[in-house]
Amino acid sequence: MATEAGAIGDEPFHPEILSSEKVFAGKIWDVRRDTFRYNGEDITREYVDHTGAVAVLALDDEGRVLLIRQYRHPVRHRDWEIPAGLLDMHGEAPLAAAQRELAEEADLRADRWNVLADVFTSPGGNDEAIRIYLARQVHPTGEAFAREAEEADIEVAWVPLEEAVDAVLERRAHNAPLSIAVLGALAARERGWATLGDADAPWPSNPKLSALSAEG
């Protein structure tokens, strides 16, 4: 069945869950096995049970974006990214988490926040949802955050937005939230920032937050 132009949009769907079990408990994430009924068929799928995350594209008054580079073991790369972090603190609002991550990873705070994009990173293999914020009117926190492990040698660069887009299009930068953020910011800027959402906009596509709302 064809979808009409202009009608593209993800559709929530909640099948009958016949069983759900944690089959692996990891240090950060677990693996879950669900059996559910879909189109009259019982289907079993295993996926990473993710906390969800937030990411921040910081944009300064000169049109530059803040990028950080750090080591990521699964892909064996020190890749360029934007500040990001897990939603793993109980009761912490996504915006507060984004503000915390910007301070912890870049020693920055911002006076103006908007939602830039909401993303499923790999919906066939995990339930991770990331909200990407655009942070403007940025300035130093005045404090240097103590970093450890892979974050101990973070490299920071302020890059013109267009150059960051070039790095993505020329396949020199591969990080998914970075790619979505800089391409989205360029498109949003061309539209006069009219596509941005309020900083505290609802996030119904986040499976963890929507589950909490249903329980409440």
Donor-acceptor contact present, side-chain [X] to main-chain [Y], <3.5 Å:
| X | Y | answer |
| --- | --- | --- |
| W113 | A110 | yes |
| H50 | V48 | no |
| D198 | D200 | no |
| N114 | G197 | yes |
| E105 | A84 | yes |
| R191 | A188 | no |

From CA spacing to verdict: side-chain contact (heavy atoms from CB on, under 4.5 Å), R78, E155:
CA-CA 10 Å; R78 295 188 72 243; E155 181 180 349; 3.9 Å; yes
Nearest-0.5 Å distance, [atom1] of residue [X] to [atom2] of residue [Y]:
| X | Y | atom1 | atom2 | answer |
| --- | --- | --- | --- | --- |
| R112 | Y133 | CZ | OH | 16.0 Å |
| N39 | R37 | CG | CZ | 12.0 Å |
| T35 | E21 | OG1 | CD | 7.5 Å |

Should [X] and [Y] count as side-chain neighbours, where that means a heavy-atom distance under 4.5 Å?
| X | Y | result |
| --- | --- | --- |
| L102 | P83 | yes |
| D49 | K208 | yes |
| R109 | H139 | yes |
| W203 | D118 | yes |
| S20 | R32 | yes |
| L66 | I82 | no |

Identify whether NZ of Lys or CZ of Arg in R172 sits under 6.0 Å from the centre of the six-membered ring of W80 and within 45° of that ring's axis.
no
Could you walk me through whether D10 and F120 pass the side-chain contact (heavy atoms from CB on, under 4.5 Å) check?
CA-CA 11 Å; D10 295 342; F120 295 139; 4.1 Å; yes
Could you pull out all donor-acceptor pairs under 3.5 Å where a side-chain atom in residues 156-164 meets a protein atom, sequence neighbours excluded?
unit_1	atom_1	unit_2	atom_2	d
E162	OE2	R189	NH1	3.3
E162	OE2	R189	NH2	2.6

Does the pair D34 and Y47 meet the rule for a side-chain hydrogen bond (donor to acceptor under 3.5 Å, both in side chains), with working shown?
CA-CA 8 Å; D34 287 357; Y47 59 95; 2.8 Å; yes
Who pairs with V119 by side-chain contact (heavy atoms from CB on, under 4.5 Å), at least two apart in sequence or on another chain?
A117, I132, I180
